[in-house]
Novice: 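This structure is in structure tokens; I'll ask about it shortly.
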There are 2 protein chains.
Amino acid sequence: MRVTFRRPDPRDPGRPVYVISVAASIVSVHPRTLRIYEDAGLVCPARTPTNIRLYSENDIRRVMWIRHLTQNLGVNLAGVRILFELEERLGTRILERLYDEATDAADAAAVRTADAPPEPSASSA
Amino acid sequence: MRVTFRRPDPRDPGRPVYVISVAASIVSVHPRTLRIYEDAGLVCPARTPTNIRLYSENDIRRVMWIRHLTQNLGVNLAGVRILFELEERLGTRILERLYDEATDAADAAAVRTADAPPEPSASSA
DNA sequence: AGAAACCTGACAATGTCGTTGTCAAGTATC
DNA sequence: GATACTTGACAACGACATTGTCAGGTTTCT
């Protein structure tokens, strides 16, 4: 455990930066949807001292996973929550395994909208 | 791989024994529902040479998991399929981990019907 | 100060899904 | 021959996902 000081790194993916309208436009959903995800316990954006939601890069990626799971794989929010909890519990990035299935399921389920699924980990690229 | 000969063991949990009406009554669902599960690729009961479905103990247990996931945890069939595929892919019994969450989620979601969830593995008991 | 964007909570519309149920025409089993 | 199975279709009912809006209130920016 070396990370004790939190230097304000502008590139820290955990740093809360996007207000809800910006976050919503990034992931192409209604702000309403983001609030629903939060109510369902699927995302936990930080808040300013004055209660304004601030989404980090990690939050954005998480939402992208939710969209991928729901839109491409047809999983409902309860299933998404299970998968997230499972991943946290196992300490494994099982979602990346799902990414492989995505192509199979997408091909089979006739979902050819050609929108790019969230890249599992594209930080240093 | 020692199991090559398949001796007709009456207690083999993989042995197809239950016709669909019996299987449906065991898990308390409509036969229609079992066929839907099969169409969704969630269960694969054996067939007699004359095309009659025969469910094994394992099939029954699998259906019970589906019921548990859908009724108690609110996961839809797409989510169930993902979980099954994931379990097979990881080679881990992640469903048992979900069983722990079941109590949490059931408490939170006010599901106190007191129906016994499927026992994860109760072969030699 | 005033406009714009945020907050929560509620309500509605639309489309999809899960489940049960039934009907028909055909085959298998007792 | 009666009963139970097969597939395929259709319907109904409730629940969910998503988008959208409106209200009344607070924060932020100019």
Side-chain angles (χ1 to χ4, degrees), chain A residues 16-55 59 63-84 105 108-111 113 115, chain B residues 16-55 59 62-84 105 109-111 113 115:
Chain A
V17 278
Y18 306 118
V19 90
I20 194 173
S21 62
V22 180
S25 70
I26 289 178
V27 296
S28 302
V29 295
H30 201 273
R32 190 78 183 74
T33 307
L34 291 184
R35 297 198 184 99
I36 290 176
Y37 289 167
E38 187 178 356
D39 290 345
L42 299 179
V43 216
C44 270
R47 298 283 186 130
T48 68
T50 55
N51 208 31
I52 304 290
R53 272 173 267 251
L54 284 185
Y55 292 81
D59 292 330
V63 172
M64 279 177 166
W65 269 114
I66 300 174
R67 296 305 289 180
H68 176 54
L69 291 169
T70 56
Q71 302 304 305
N72 297 354
L73 297 183
V75 181
N76 64 1
L77 298 189
V80 174
R81 183 159 43 81
I82 294 292
L83 287 170
F84 281 170
V111 180
T113 24
D115 55 340
Chain B
V17 278
Y18 305 118
V19 90
I20 194 172
S21 62
V22 179
S25 71
I26 290 178
V27 295
S28 302
V29 295
H30 200 274
R32 191 77 183 75
T33 307
L34 290 184
R35 297 199 184 98
I36 290 176
Y37 290 166
E38 187 177 357
D39 290 345
L42 299 179
V43 216
C44 270
R47 300 283 187 129
T48 67
T50 54
N51 209 32
I52 303 290
R53 272 173 266 252
L54 284 186
Y55 293 79
D59 292 330
R62 200 172 172 85
V63 172
M64 280 177 164
W65 269 114
I66 301 175
R67 295 305 288 179
H68 175 54
L69 290 170
T70 55
Q71 303 302 305
N72 297 354
L73 297 183
V75 181
N76 63 1
L77 298 189
V80 173
R81 183 159 43 80
I82 294 292
L83 287 170
F84 281 170
V111 181
T113 23
D115 56 338

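All figures in this text were calculated on a predicted structure; none of them were measured in a lab. Protein chains get the first letters and strands the later ones, always in sequence-line order, with residue 1 at the start of each.
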Novice: Do A:V43 and A:L34 touch side chain to side chain, with heavy atoms closer than 4.5 Å?
Specialist: no
Novice: So if I take every side-chain heavy atom of B:L77 and compare against D:dT18, C:dT22, C:dT19, which nucleotide ends up nearest?
Specialist: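 So the side chain of B:L77 is nearest to C:dT19.
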Novice: In terms of the nearest nucleotide of DNA chain D, which residue is placed more toward the 5' end: A:N51 or A:Y37?
Specialist: A:Y37
Novice: Counting only side-chain nitrogens and oxygens, does A:Q71 get under 4.0 Å of the OP1 or OP2 atom of D:dT18?
Specialist: yes
Novice: So, is A:T48 near the phosphate of D:dT27, with a side-chain N or O under 4.0 Å from OP1 or OP2?
Specialist: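 Result: no.
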Novice: Between atom CZ in B:R47 and atom P in D:dA4, what is the gap in whole Å?
Specialist: 19 Å
Novice: Please tell me if B:T50 has a side-chain N or O lying less than 4.0 Å from either OP1 or OP2 of D:dT6.
Specialist: no
Novice: Are any non-hydrogen side-chain atoms of B:L77 and B:I36 less than 4.5 angstrom apart?
Specialist: yes
Novice: Distance check: side-chain N/O of A:T33 vs OP1/OP2 of D:dA17, anything under 4.0 Å?
Specialist: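 For A:T33, the contact criterion (side-chain N or O under 4.0 Å from OP1 or OP2 of D:dA17) is not met.
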Novice: Think B:R62 forms a cation-pi with B:F84, using NZ or CZ under 6.0 Å from the six-ring centre and within 45 degrees of its axis?
Specialist: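 The answer is yes; both the distance and angle limits are met.
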Novice: What nucleotide among D:dG20, D:dT18, C:dT22 has an atom nearest to a side-chain atom of A:R67?
Specialist: D:dT18
Novice: It should be established whether A:R35 places a side-chain nitrogen or oxygen under 4.0 Å from OP1 or OP2 of nucleotide C:dG9.
Specialist: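 Result: no.
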Novice: Which is true for B:I36 with a 4.0 Å heavy-atom rule: it touches a base, it touches only sugar-phosphate, or it touches nothing?
Specialist: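 Answer is base: heavy atoms of B:I36 come under 4.0 Å of a base.
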